Trainee: 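Mind looking over this structure? Questions follow.
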Number of protein chains: 2
Amino acid sequence: MVVIELDDEQADLVFHALADRTRRDIVKRVLRQELSVSQLARGYDMSFAAVQKHVAVLERAALVVKRRRGREQIVHGDVDLIRRASRLLDEYEATWRRRADRIADLLADTSTTKNVTTPRREG
Amino acid sequence: MVVIELDDEQADLVFHALADRTRRDIVKRVLRQELSVSQLARGYDMSFAAVQKHVAVLERAALVVKRRRGREQIVHGDVDLIRRASRLLDEYEATWRRRADRIADLLADTSTTKNVTTPRREG
DNA sequence: CTAACGTACAACAAGATGGTTGTAATAGAG
DNA sequence: CTCTATTACAACCATCTTGTTGTACGTTAG
């Protein structure tokens, strides 16, 4: 299974879209079952237009897809971008783990003590 | 290893914090190596105060932690919240997979055809 | 055809966001 | 002590966000 990394642009859109609990709830619901925008809107204490906007934000991030069925727009969740976002976070974690390994190496390896006195700094 | 789920409040903060590429870059850098706020600031084409605000947003989401060293504030990344956010997305994916399984069951199981004629709708 | 439903979109208001500059406090260097 | 580096924070501004209401448009039901 090939998972393509998110670029900065996509990551901006995806994480922004997920940074709202109403939108996260919409994603969860439409991942479980396809729903029209009206059906979704009935589930929240806000206007239809507001829910419509939330769906639009999710659509821009490609977290959901709309498909027309008669006069309804059926919304369903697309798991691909969610998977990519998750992998991006896993990458962060991997970076951290490499650092932990590096520190462990420094602590374990007592013979090569060069470059230990002057730890390099960024900036 | 016990991973506690993010509540709505935390997820709001974490995903919002990650929805900015400068902040994602800061997270990546301080996961790899601890850096003072000044050292971080030198890496971006914006004022020190702007970077300071970004760090504050990350701190509020508990994605980074600050520790004083003399007159410097050393920033380092905390992988815990990243892990939790990743797990939350994995949960979304699992929801989707359960739905896929459910559909597969419906297609495969031709004997129990009850409740198929009236698919339940939300709303 | 007509009425109702579902959707799209524009305009608006309040608040949040992301940048700026300026000022002050604090700690280390000399 | 004095000077400088680092940080903290307030005030300000432009833009974005997130809700609202109102209007228009296409589709289905009767």
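A, B, ... follow the sequence lines: proteins, then strands. Residue 1 opens every chain. Since the structure is predicted, the reported quantities are computational estimates derived from the model, not experimental observations.
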Trainee: Evaluate the criterion side-chain contact (heavy atoms from CB on, under 4.5 Å) for residue pair B:H54 and B:M46; output intermediate values, then yes/no.
Mentor: CA-CA 11 Å; B:H54 282 308; B:M46 62 183 73; 3.9 Å; yes

Trainee: Using heavy-atom distances to pick each residue's nearest nucleotide on DNA chain D, tell me which of B:I74 and A:M46 is more 5'.
Mentor: B:I74

Trainee: Could you list, one pair per line, each protein nitrogen or oxygen that sits under 3.5 Å from a nitrogen or oxygen of nucleotides 15-18 of chain C, together with the distance?
Mentor:
unit_1: C:dG18; atom_1: OP1; unit_2: B:R23; atom_2: NH2; d: 3.3
unit_1: C:dG18; atom_1: OP2; unit_2: B:R23; atom_2: NH1; d: 3.1

Trainee: Whether the side chain of A:R29 engages the backbone of A:G77 through a donor-acceptor N/O pair (distance < 3.5 Å, no angle test) should be reported.
Mentor: no

Trainee: Taking atom P of D:dT18 as reference, at what distance in whole Å does atom CD of A:Q52 sit?
Mentor: 15 Å

Trainee: Given atom CZ of B:R71 and atom P of D:dA8, what is their separation to the nearest angstrom?
Mentor: 14 Å

Trainee: Do other residues, nucleotides or ligands put more than 12 heavy atoms under 6.0 Å from the CZ atom of A:R60?
Mentor: no

Trainee: Against B:V14, only a single residue in B:I82, B:L58, B:L81 fulfils side-chain contact (heavy atoms from CB on, under 4.5 Å); can you say which?
Mentor: B:L81

Trainee: Between A:Q73 and C:dA8, does any side-chain N or O lie under 4.0 Å from OP1 or OP2?
Mentor: yes

Trainee: What distance do B:R42 atom CZ and B:S36 atom OG have between them, rounded to the nearest 0.5 Å?
Mentor: 6.0 Å

Trainee: Could you say whether B:A50 or A:F48 is positioned toward the 5' end of DNA chain C, judged by the nucleotide with the nearest heavy atom to each?
Mentor: A:F48

Trainee: Taking 4.0 Å as the cut-off, does a side-chain nitrogen or oxygen of B:R69 come that near to OP1 or OP2 on C:dT26?
Mentor: no

Trainee: When you get a sec, tell me which of C:dA8, C:dG6, C:dT20 is the closest nucleotide to the side chain of A:R68?
Mentor: C:dA8

Trainee: OP1 or OP2 of D:dG19 less than 4.0 angstrom from a side-chain nitrogen or oxygen of A:S47, does that happen here?
Mentor: no

Trainee: Kindly give the heavy-atom pair with the smallest separation between A:F15 and A:L89, and that separation in Å.
Mentor: CZ-CD2, 4.0 Å

